[in-house]
Amino acid sequence: MTTNYASINRNTPYGSGDPYYSESTGYISPNQPQKKTVSSWIKFGIPLAVLVITAAVLGGVLGSRATKNNAFTSGSAAAATSAIQVKNSIGLYPTGTDSLYMLPLYPATTNTAVFTTPTFLSSSDANLAWPQDPYQPSSPSPTTVRSDRPRLIAPSYKWEALPNLIRNDPYLSFWNESIFRNASQYMALPPVAYVMDSGNGILDPAREIKQRVKAFSYAYRMTNDTTWVDRTWTELMNAAGNLTGGWGPDNSTKWNPVHFLDTAELTVAYAVAYDWLYNQWTADQLESIRFTMIEYGLNNGIIAYNDAEDPLFYGWWRNNTPGNWNCVCNNGLTMGALAILGDDTSGIAEQLLTMTVPNALQNCVLAPSSDGTWSETSDYWYFGTTGHAEMSSALLSATGSTYDLLDINPGFRLTSLFHIYGTGPGSLFNYGDTGPNKYTATANSLLFYGDQYNLATYQLFQRDQVDAADPWSMFWYNPAVSGAFWDGLALDHLFDNSTDQWVSMRSSWTDENALFVAMKAGTLQGHQTHNDLDCGDFVMDALGNRWFGELGDGDYVSEGYFSSDAQDSERWLYYRKRTEGQNTILVGEVNQDVAAAPTVNFDSSGTAQGSSTVFDVPSGSTAYFTADLTSAYFNVTSFLRGVHLINARKQVLIQDEINAQASVMWRAHTNATVVLSNNNLTASLTIGTNTVQVDLLSPAGAQFTTMAAERLPSDPPTPAGWPDQPNTGVTVLVISLPAGQYTLEVLMTPQWPGVSSSTYVQPSNVPNVPINQWSLTSHP
C-alpha cells in the first residue's frame, strides 16, 4: 500500500493516526515498552509535515559523486534557465511515500532526459543559486561575529534571496508551504508542557520547543506578521517558567542540566528566537531572553566545563566522548553564545566559545569512523550529525569559518553514505539501540554536507525525504543542484572500519520492492554502549517488506542497561541486547565475546544504476560479504559467515562454516507468518500477499523449527528482576544442532511477481562452495 504526497500529513500534532501517540499518555518514548501495530523493526519518522499539494507529480531522482561547477563551462545562464524550467515542469520527483516506512516512491519511467547525472550547475543566475556571502573575514575568530542580523545559519542576504528561489524551485516551494502548515498547527496548540521522562529527562519537550521556535521565527521573517513573534514570546516565557503554573523546578536546574541534551536543545531554541527575531524584540524582551538563556543554559555550560563546580557531573560528555552527546551539547552552547555575543555584558558567551569549539574538535568530530559509520548506531547519527551541522553552519554564518569541524575527520565527508546505504526499501539497517524515530530527528545534515563537500548526491538523496521540510533545509539546500542521486551510484558498499565492518547490497535504488541485504561484523565495544552482541547479524528486505529484521532498543531505564560494554555487563542480560536476540549464530546458548575482532572480505560486480528509475539487473550482477567471526565466540575453533547475492540479485544465500564445542543455533527474527514444509527443510514466510521461500540446503539431517522471540530457559535472570520487553508478533526461525563441525546453507527466495519458478536457482542446484573460495563467479 502506498500513499500519495497529496493525501498525507506528517504533522498530525499529538493526535489520531500517529502510531506512537496514545490519548492517555501522549507520545510514547522509544525507551518505554511499546505496543506496535506493525513491524517490530520499522523506523518511523514521527510527523514532520508533508503539505497537501494539488496534483500528483512525476519524475525521478539520480545522483553520484559529481562536484559543483562541472556541468557547464559556457552558456551558463541559458543552462540555468533550462534547469529551472525542467524542475518546474516536473515538480517533485517522488510520486508519494510508502505508507509504512515513509520512504519516497519513484515513478516507473525511463525518462533519462530528466533523470541525469547529479551535479551543481555553475551559474550566476539569481533564480538558480544563492549569492555569495558578503561577510568574508580575513582572519575568522569564534568570538568575532558579523555585524548584521540574523547571524545564525540564515544571514540576511539569504533571506533576501529566498523568496525568488522559492518561486523557481519546487522543493523550496514545497518545504516553505510545509513549514507554514507546521507553524499554523503549532500556533493552535498550547505551549509545550513540562514532562519529565525517567529515561530522557525533558528532551522531547525541549526539542519540540526548538522545532516550534524555528517554525514561528521562519514564518515571521517570511511574512512580517508579528503574530508569529507574539506566539514565539509565549513559548519562550513558558519554558522560562513565567506563565501560570510554572515550568519545571524554580531554580537554575529548570532546563535539567543533569541531562545536558535538554539544556542544549532549549538553548538553541532561545538562540534562534533571539537572533532571527532580534529587531522585533524590545530592549526588555532581549534582556529577558538573554537572562533566561544564561541562567538556565549557558551558566550550566560553564559548570559543565569546570570540574570543581560540577558535582552532578553535568559535563561528562566533554571528556573523551566522540558521539552525539558532545555534538548536541557543544552546539547548544555555541549557538547560544553566538546569538548574544556583543550584547552579553557578563563575558560568558565569549568564555564558552573558547571552550566549545576546541572541545568539539577533540570529541564530536571523531564520532564517525573512518568509513563514515556513526559508531553509536544509526539512531544517534541523526542527533549527532544535526548537532554537528548546526554548530558548523552557525559558526560559518556568524564568524566566517567552520574551524575544521568539517575537515579534521575524513569520516564526516563519508557519513552521509552511512545513512544513504543504511536506508533500505524496508527501513534502516537498524541494529543496536535504534528505535522509532523521534519526531524532531531529521537527516537534513545531508543537505548541509552536500553543499559544503560539493557532493550533489547527498542533497539529491535527502531532498526527496519526508523529513526535509524544515527551516534549516531552506538555507542548507543549494537550488543549483541537478540530477538524481542514483545515477552512477553503486548498488553495493562495504564499510570496513574495524569498529563497524558492515555491508549494504541491493537490486535497485528506486524500486520500493527491491532486494536489500545488510550484514555486520565489527567489534563489540567502542559504541558508547549502544550496540548489541551481534557479530554476523543481518536484515533482508524484498517485495516492499522487511522479512528478517531487528528488535531495536530496549527500555533505557532498565536496571544496568547502560552499565558498561564489559563481558559481565548487566546490559547483556536483556534479550534484545543478547546474541540470541540477533539474526546470527548462537553457540552454547551464551553471549558472544565482547573482545571480538572479526576480519571481513567483500567483492562486488560494481553494478551501478543508470539514469532511469527502471533498472533491470544485468546477468552476472552480484556481491558477497564474508566474515571470520571465530574471535566472537567461546567454545569455537573456527567460524566463517557469508552472504552472497545470486541469480542476478533475485536470491540470497547465507552460509556458515563452524566448528564448535558447544551447541549451535542459527537464528533469524521475522514478523512474517511462518509455515514449515518439506520435512521442515522449507519455511514459507508470508506478509500480506507476499511470500519468501527459505530453504535449508545443508547440513544433512538438520531441520527448521520456530521459537518465540523471548529469553531461553538457560538465560541468567535480568538485573533486579527487571522485566524484559515483549516482542509480540515476532517469530524466530531456528536451526538447532549439537556441538560439531558444520556447513549451514540457507537459501532465501522472494517470490517476485511475474517471475516463473523455472527462473529461480533451485535448492539442489546451488553449488556447495567453501566460503574461502567464494568469488563473483562461484555461484549462478
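Values reported hereafter were calculated over all heavy atoms of this structure, with side chains retained and with hydrogens, waters and symmetry mates removed.
Stacking of Arg546 on the aromatic ring of Tyr101 is not recorded, the 6.0 Å distance cut-off and the 45° axial limit not both being met. For the pair Lys520 and Tyr431, the cation-pi test (distance below 6.0 Å, angle within 45°) is passed.
Scanning for side-chain hydrogen bond (donor to acceptor under 3.5 Å, both in side chains) contacts around Ser375 gives an empty result, with sequence neighbours left out. With sequence neighbours excluded, the residues forming a disulfide (SG to SG under 2.5 Å) with Cys364 are Cys327, listed by chain and number. With sequence neighbours excluded, the residues that form a side chain to side chain contact (heavy atoms under 4.5 Å, CB included) with Asn601 are Tyr624, Thr626.
Between Phe639 and Tyr633, the ring center distance clears the sub-6.0 Å criterion. Between His527 and Tyr380, the ring centre distance reaches or exceeds 6.0 Å. Centroid-to-centroid, the aromatic rings of Trp502 and His493 stay 6.0 Å apart or farther.
The aromatic rings of Trp774 and His779 lie perpendicular to each other, with more than 60° between the two planes, well past the 30° mark. Ring pair Tyr382/His419 is perpendicular by interplanar angle, where above 60° counts as perpendicular and below 30° as parallel.
The shortest side-chain heavy-atom distance between Phe448 and Trp472 does not fall under the 4.5 Å cut-off. Put simply, the side chain of Asn430 does not reach to within 4.5 Å of the side chain of Asp379, judged on heavy atoms. Using a 4.5 Å heavy-atom threshold, the side chains of Ile153 and Lys158 count as separate. Side-chain atoms of Thr607 and Val617, non-hydrogen and from C-beta on, never get closer than 4.5 Å to each other. Using a 4.5 Å heavy-atom cutoff, the side chains of Val272 and Lys210 are not in contact. Put simply, the side chain of Ile420 reaches to within 4.5 Å of the side chain of Trp509, judged on heavy atoms. Using a 4.5 Å heavy-atom cutoff, the side chains of Leu103 and Gln465 are in contact.
Taken to the nearest 0.5 Å, the OG1 atom of Thr386 stands 10.0 Å off from the CG atom of Asn324. Here the CD-CZ distance, from Gln452 to Phe412, works out to 13.0 Å after rounding to the nearest 0.5 Å.
Here Arg506 does not pair with Asp511 in a salt bridge; the nearest charged N to carboxylate O distance is not below 4.0 Å. The residues Asp169 and Arg463 are annotated as not salt-bridged, no charged nitrogen and carboxylate oxygen being separated by less than 4.0 angstrom.
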Quick one: do Ser504 and Phe429 satisfy side-chain contact (heavy atoms from CB on, under 4.5 Å)? Show the steps, please. CA-CA 9 Å; Ser504 170; Phe429 183 21; over 6 Å; no
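Just one residue in the list Tyr458, Trp381, Tyr449, Trp374 forms a side-chain hydrogen bond (donor to acceptor under 3.5 Å, both in side chains) with Thr415, and that residue is Trp381.
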